[in-house]
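Note that the coordinates shown come from a computational prediction; the quantities given were computed from them, not determined experimentally. Lettering follows sequence order; numbering is per chain, from 1.
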Amino acid sequence: MAMRAAARAALSANSQIGMGSGMKALYSTFSRFPFKLPESKIEKPPPADPSTNLFVSGLNKRTTSEGLHKEFAKFGEVVEAKVVTDRVSGFSKGFGFVKYATIEEATSGLKAMDGEFLEGWVIFVEYARPRSPLPPLNNAAPQRQW
DNA sequence: GGTGAGCGA
């Protein structure tokens, strides 16, 4: 075992003067290792503050604004219900918005419909984020709000 | 739409 002998010799030599500089560097390196533990929880805080406006996702592509309205009207006065559709294709994007008259109704509607089935799909209801201020009526140019 | 996470004119 020439290797082991050499290692012992090296260790012995080191023990005379403590850690070799190389060993010190290694120790330093590993003790300072940036442990990015997966405990860095991927926090996804409540998407938005409670409001009368709800964001509904997971919709069936065939679900329409009317269907949304009828379904959510069971839990309060729906002021507005809209399924977002692609401007050019006209097809549903699979999510929409429901606005209640009061926050209380919105909350009950959220809790009642979140995780429920609609047209065969499990839908998810959250409070909608405040929409980007829609410009008066001139150019509908794309705005990078986020 | 055969598209499947998302925040709308």
Phe95(A) aromatic ring stacked with six-membered ring of dG8(B), 5.5 Å and 30°: no
Of Asp86(A) and Ser92(A), the one whose closest DNA chain B nucleotide lies more 5': Ser92(A)
Per Lys61(A) side chain, nearest of listed nucleotides dC7(B), dG4(B), dG6(B): dG4(B)
d(CD, Glu80(A); P, dC7(B)) in whole Å: 18 Å
Distance, rounded to the nearest Å, where Arg87(A) contributes CZ and dG8(B) contributes C1': 11 Å
Whole-Å distance separating the CD atom of Glu126(A) from the C1' atom of dA5(B): 11 Å
Sugar-phosphate, base or nothing in reach of Thr85(A), heavy atoms under 4.0 Å: sugar-phosphate
Partner residues of Val84(A) under the side chain to side chain contact (heavy atoms under 4.5 Å, CB included) criterion, sequence neighbours left out: Lys93(A), Phe95(A), Phe97(A)
Interatomic distance, Leu110(A) atom CG to Tyr127(A) atom OH [nearest 0.5 angstrom]: 5.0 Å
Side-chain donor-acceptor pair present, Thr102(A), Glu105(A), cut-off under 3.5 Å: yes
Atom pair CD1 (Ile103(A)) and OG (Ser51(A)), whose distance is rounded to the nearest 0.5 Å: 6.5 Å
Side-chain donor-acceptor contact under 3.5 Å, Thr107(A) with Tyr100(A): no
Gap between atoms NZ and C1', on Lys93(A) and dG6(B) respectively (whole Å): 9 Å
Spacing of Phe91(A) atom CZ relative to dG6(B) atom P, expressed in whole Å: 24 Å
For DNA chain B, the residues among residues 50-59 of chain A that have a non-hydrogen atom under 4.0 Å from it: Asn53(A), Phe55(A), Ser57(A), Gly58(A), Leu59(A)
Same apolar cluster: Val98(A) and Phe75(A), side chain cutoff 4.5 Å: yes
